[in-house]
J.: 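Got a structure here, written out as structure tokens. Questions coming.
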Amino acid sequence: TTTVKACSGTPDNSTVTEDGTPCVLPFYNGKDEVSSCLDYQGKYLWCATSLKPDCSYDKWAKCKEPTSKPEVKCLTEEVNSGKECVFPFLSEKGKESMECLAYKGKYWCGIQYQYHNKKWGYCTQALCPPTKVEVPVTTQGPTELPATSQEPET
């Protein structure tokens, strides 16, 4: 006998696509049950917008990136200079951060929500959210530093 999955996926108004369509959660991607937006090769996050009878996605769309931002724009300098930091952002270890992170005596932030080794910059301290002073300088941060003259990928 064949076991049929019970689809419990329903539109979730708190998780929406770029055009405002609610994501249908949970859904199946292969054998994995998914209950939030999924990363696609570090390029974007996506979710199901409709399901097939087996609970896999029928249609999908890119998820809207979080809109939480500090009141004052936090800008980058040196690497990807002048870009706005995105808060929260995911570090290379997948941890969400609401402030700049210590790296080699400076602090860095993401310029997009999803971590990418070329989508970051050093924080302009006068403009950025307070960074915990007690955080020691660690090796947490981008593993590959892009050249300061290199333009970010689009």
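Below, each value reflects all heavy atoms present in this structure, side chains not excepted, and no hydrogens, waters or symmetry copies.
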J.: Kindly give the heavy-atom pair with the smallest separation between W46 and C63, and that separation in Å.
T.: C-SG, 3.5 Å
J.: With distance as the sole test, does T76 use its side chain to make a donor-acceptor pair with the main-chain N or O of K83 at under 3.5 Å?
T.: yes
J.: Mind checking whether Y122 and Y103 have parallel, tilted or perpendicular rings, split at 30° and 60°?
T.: parallel
J.: Rounded to the nearest 0.5 Å, how far does NZ of K31 lie from OG of S56?
T.: 14.0 Å
J.: Kindly compute the distance separating SG (C100) from NZ (K106), expressed to the nearest 0.5 Å.
T.: 13.0 Å
J.: Taking C85 and C123, which are both Cys, do their SG atoms fall under 2.5 Å of each other?
T.: no
J.: Go through the steps to decide whether F27 and L38 satisfy the test side-chain contact (heavy atoms from CB on, under 4.5 Å), and finish with yes or no.
T.: CA-CA 11 Å; F27 67 94; L38 273 178; 4.2 Å; yes
J.: Which atom pair, heavy atoms only, marks the closest approach of L75 to G82?
T.: CD2-O, 3.9 Å
J.: Check whether any side-chain heavy atom of D58 sits under 4.5 Å from a side-chain heavy atom of L51, and report yes or no.
T.: no
J.: If two hydrophobic side chains count as joined below 4.5 Å and joins carry through other members, does V16 share a cluster with Y57?
T.: no
J.: Say whether, by atom type as modelled, one donor and one acceptor occur between the side chain of N29 and the main chain of V34 under 3.5 angstrom.
T.: no
J.: Side-chain donor-acceptor pair under 3.5 Å between Y28 and E33, yes or no?
T.: yes
J.: Which value, rounded to the nearest 0.5 Å, describes the distance between Q112 atom CD and K119 atom NZ?
T.: 5.5 Å
J.: Checking F89 against W120 for the side-chain contact (heavy atoms from CB on, under 4.5 Å) test, could you report, in this order, the C-alpha distance in whole Å, the side-chain angles of both residues, the deciding distance, and whether it holds?
T.: CA-CA 10 Å; F89 67 91; W120 67 278; over 6 Å; no
J.: Determine the minimum heavy-atom distance between A61 and T49, stating which atoms define it.
T.: CB-CG2, 3.9 Å
J.: One pair to check against side-chain contact (heavy atoms from CB on, under 4.5 Å): T17 and C47. What are the steps and the verdict?
T.: CA-CA 8 Å; T17 64; C47 68; 3.8 Å; yes
J.: With distance as the sole criterion, is a donor-acceptor pair present between the side chains of E96 and Y113 under 3.5 Å?
T.: yes
J.: Which atom pair, heavy atoms only, marks the closest approach of L101 to S91?
T.: CD1-CB, 3.9 Å
J.: Donor-acceptor pair, distance only, cut-off 3.5 Å: does the side chain of S35 make one with the backbone of P26?
T.: no
J.: Drop me the distance from K64's NZ to D19's CG, to the nearest 0.5 angstrom.
T.: 10.5 Å
J.: With a 4.5 Å cut-off on side-chain heavy atoms, are C37 and T15 touching?
T.: yes
J.: Step by step, work out the side-chain contact (heavy atoms from CB on, under 4.5 Å) result for K95 and L90.
T.: CA-CA 5 Å; K95 293 186 178 179; L90 292 179; over 6 Å; no
